[in-house]
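Input: a single structure, listed below in structure tokens.
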Protein chains: 2
Amino acid sequence: MATESVTIKDIAKLLGISKSTVSRALSEHSDVNQETRRRVLEIAQKLNYQPNVLALNLKQQRTHTLGVIIPETVNRFFAKAIGGIQKIANLAGYHVMICQSDESYVAERKNLQGLLASRVDGILVSVSSETDRTDHFDMLLQKNVPLVFFDRILEDVKASQVYTDNYEISFEGTEHLISQGCKRIAIVAGPQNLYNSRNRLMGYIDALKKHNLPVKDNYIIHSYFRGGNVEEYTRHLINLPQRPDAIFAINDYAAIEMMHVIKKNGLRVPDDIAILGFNNEAICRFVEPALSSIDHSAFDMGTAAAEILLNKIETGNLEPERRMIKSRLVIRESTHVRSV
Amino acid sequence: MATESVTIKDIAKLLGISKSTVSRALSEHSDVNQETRRRVLEIAQKLNYQPNVLALNLKQQRTHTLGVIIPETVNRFFAKAIGGIQKIANLAGYHVMICQSDESYVAERKNLQGLLASRVDGILVSVSSETDRTDHFDMLLQKNVPLVFFDRILEDVKASQVYTDNYEISFEGTEHLISQGCKRIAIVAGPQNLYNSRNRLMGYIDALKKHNLPVKDNYIIHSYFRGGNVEEYTRHLINLPQRPDAIFAINDYAAIEMMHVIKKNGLRVPDDIAILGFNNEAICRFVEPALSSIDHSAFDMGTAAAEILLNKIETGNLEPERRMIKSRLVIRESTHVRSV
DNA sequence: GTGAAAGCGCTAACAA
DNA sequence: TTGTTAGCGCTTTCAC
């Protein structure tokens, strides 16, 4: 497509010297006659010489490109993580290739193969909610491709992991609801093949137990992330004979929709039912009542994951590394039930 | 990094034939002895041969990769557009490389150079709000790199464009507000170097004129997209001696924050001030009052843009093409002032 | 139908 | 300090 670009060969011919001298002159760190280098640089500048990355890639068998697989770009959490990844990658002179699994194992697997075929130098993954196998990642490790999981990690795979303290923050969130006087706390947890979801559920259960509250199965909803059924399970919860007095939601958007459904059904938030979200989106502050949530720095997760990956790539040390990014409870009106 | 992969050379050696024959056997459409092909295919399969894309790229001087430059991935509109782009690209066997300009001209320019250096086969762009020059794109066209603008287009650049009917929908939205009895309609328009923003403003102005309503400068706010100043300009508007009775917002998130500020100041939406958003996010249905908005299919814009770009790449025909994706007014409670 | 050789643009080991 | 040569993995003429 692009019109023919100048190559070192052109420069060499013009100057009556050899390609290798040009190559050397262009690469700062080899000794070339000062004058020769000056002339090469001058003419390269004049012709607007751009090294052909494709040739370099082939020669060096690397692309200075990171592959990223996330469930969805429309999920703001991942959109923010991408920001963090790109920042670090670009600073280090790397490009980023993003794929979406659409929460599907098959697509995730296909993305992986695509990235591998593109010969990316390393891969960052946040697994799909459907993924309950590790075979595709095992294959990657076998090929010694640097791999880092972030947020949605797979604990059984011997790769680096950047994650948040789901258990602890879920415990804390649940205790906060209890401290507000709530006794019938429901949770909308994610699919149980996800490490994060399991830990959140465990944090919730342990907090209830600590305070001698019963753990009831019908207060536990296993939702998938794609939405669509929020109204359904919210209705289910509020029509329970023992209606919950608090719901710990899977994310802020679901929480906001739940508040809507609850209010539509003549109940009040937080007085009848307190709501706690997850992710602390900007919009939490603008809905009514303002939504309590869990702040969870997606951007920092992205930067941490990219840093670890780049380090693996540049040092060749594939030793797994774990890094935890703390979450933080942000209390607003939606869980402010009564002064205790 | 990755352990050495099998090459056609390996297969050739194993079979005692030449590289070229293996290459031919692998590429469906050249005549090789049936038996030879069978044996090549068999062993390729067994060794899990994967052609080295890097070599192909160099040989063919193309990468089967599309470059995309958008302002921000956290902007859901662009996140959705990416989805559309990736769908079409992947179907056609292309990868996608995404860059963010962060609404900065300098970053946009840098992204462009990066993509060019990566030798992408074509580029899709939604320009930054800061971009008021076209030099970087002119340079691209000069190099015959296929280029398609989508949503945030630059009318002066001779490239293909996928856009929406900003003028018409803004006219329609403003008329809708007028039909609700609003007479003092304010608008939060984007930066005026953006074609979209200018058209939206023109649609608004023309609708006012058509209905003999005065166009007042202090009802026109020029906001940038990054948010942060919503509270400020909302306060400014509601403290005007002649307080507006409707505001046409730049997007739904700004609209929701505006509603929040308005209510916090003891005014009612829509009774005191009607609010019309832009983008028709899912959340519009769940805020109170439900937010009227403009539906605007980001995904379709993405697919259209990718289709046009791929067509350019594959046919080599760089003739500019324009495609319009219609928007649609979605009326909800936030603009339902009084029965007329 | 198949092989030998050249070449995509670059780097690097080896010579001079 | 510079040139020659080979090679990254593949395709594609040109012979045979």
Side-chain angles (χ1 to χ4, degrees), chain A residues 1-41 43-44 47-65 93 116-121 143, chain B residues 1-41 43-44 47-65 93 116-121 143:
Chain A
M1 291 301 123
T3 48
E4 296 67 33
S5 28
V6 280
T7 69
I8 50 170
K9 200 167 144 192
D10 300 327
I11 300 183
K13 204 174 293 172
L14 238 55
L15 254 39
I17 59 180
S18 79
K19 285 193 310 171
S20 19
T21 306
V22 177
S23 170
R24 276 188 282 253
L26 257 20
S27 82
E28 296 304 302
H29 52 72
S30 30
D31 18 58
V32 188
N33 181 298
Q34 276 305 317
E35 175 58 13
T36 316
R37 165 164 290 151
R38 202 194 51 70
R39 287 165 59 210
V40 169
L41 259 38
I43 196 151
L47 297 184
N48 189 27
Y49 166 78
Q50 305 277 46
N52 187 327
V53 177
L54 272 31
L56 280 172
N57 287 350
L58 176 59
K59 177 74 184 171
Q60 304 171 170
Q61 291 290 25
R62 56 184 305 207
T63 53
H64 284 275
T65 299
L116 222 49
S118 291
R119 297 291 212 270
V120 294
D121 294 343
K143 295 199 182 213
Chain B
M1 291 301 123
T3 48
E4 295 67 34
S5 28
V6 280
T7 69
I8 50 170
K9 201 167 144 190
D10 300 327
I11 300 182
K13 204 174 294 172
L14 239 56
L15 253 39
I17 60 180
S18 77
K19 283 195 310 173
S20 15
T21 305
V22 176
S23 169
R24 275 190 280 254
L26 258 20
S27 81
E28 297 303 302
H29 51 71
S30 32
D31 21 57
V32 189
N33 181 298
Q34 276 305 320
E35 175 58 14
T36 317
R37 163 163 291 148
R38 203 194 50 71
R39 286 166 59 211
V40 170
L41 259 38
I43 197 152
L47 298 184
N48 189 25
Y49 166 77
Q50 305 277 49
N52 187 325
V53 176
L54 273 32
L56 279 173
N57 287 350
L58 175 60
K59 178 72 185 172
Q60 303 171 169
Q61 293 289 25
R62 55 182 305 204
T63 53
H64 285 274
T65 299
L116 221 49
S118 291
R119 297 290 210 272
V120 294
D121 293 343
K143 295 199 181 213

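Note that the coordinates shown come from a computational prediction; the quantities given were computed from them, not determined experimentally. The sequence lines fix the lettering, A, B, ..., with proteins before strands; numbering per chain opens at 1. Worth knowing before you read on, the calculation uses all heavy atoms, side chains too, and leaves out hydrogens, waters and symmetry mates.
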Nucleotide dC16(D), atom C1' - distance to CG of D31(B) in whole Å: 15 Å
Rounded to whole Å, how long is the line connecting atom CG of N57(A) with atom P of dC10(D)? 15 Å
Base, sugar-phosphate, or nothing for T36(A), non-hydrogen atoms under 4.0 angstrom?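 Counting heavy atoms under 4.0 Å across all strands, the contact made by T36(A) is with sugar-phosphate only.
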Mind checking L56(A) for me? I need base, sugar-phosphate or nothing, with any heavy atom below 4.0 Å counting as a touch. sugar-phosphate
Between the side chain of [X] and the main-chain N/O of [Y], is any donor-acceptor distance below 3.5 Å?
{"X": "R37(A)", "Y": "V22(A)", "answer": "no"}
{"X": "D121(A)", "Y": "R62(A)", "answer": "no"}
{"X": "S118(B)", "Y": "V120(B)", "answer": "no"}

Among side-chain atoms of S5(B) and R119(A), is any donor-acceptor pair under 3.5 angstrom?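 Indeed, the side chains of S5(B) and R119(A) share at least one donor-acceptor pair under 3.5 Å.
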Between T21(B) and S18(B), do the side chains contain a donor N or O and an acceptor N or O under 3.5 Å apart?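 There is such a pair (donor and acceptor under 3.5 Å, judged by atom type) between the side chains of S18(B) and T21(B).
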Phosphate OP1/OP2 of dC10(D): any Y49(B) side-chain N/O under 4.0 Å: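 Checking Y49(B) against dC10(D): at least one side-chain N or O falls below 4.0 Å of OP1 or OP2.
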Would you tabulate the nitrogen or oxygen pairs shorter than 3.5 Å linking the protein to nucleotides 3-7 of chain C?
residue, atom, partner, partner atom, Å
dG3(C), OP2, S18(B), N, 3.0
dG3(C), OP2, S18(B), OG, 3.1
dG3(C), OP2, T21(B), OG1, 2.4
dG3(C), N7, R24(B), NH2, 2.6
dG3(C), O6, R24(B), NH1, 3.2
dG3(C), O6, R24(B), NH2, 3.3
dA4(C), N7, S20(B), OG, 3.4
dA4(C), N6, S20(B), OG, 3.2
dG7(C), N2, K59(B), NZ, 2.9

Nearest to the side chain of N33(A), which nucleotide is it out of dT2(D), dC8(C), dT11(C)?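 The nucleotide sitting nearest to the side chain is dT2(D).
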Give the nucleotide from the list dT11(D), dT2(D), dC8(D) with an atom nearest to the side chain of Q61(A).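 Shortest atom-to-atom distance from the side chain points to dC8(D).
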Considering residues, nucleotides and ligands other than Q34(B), do more than 12 of their heavy atoms fall under 6.0 Å from its CD? no
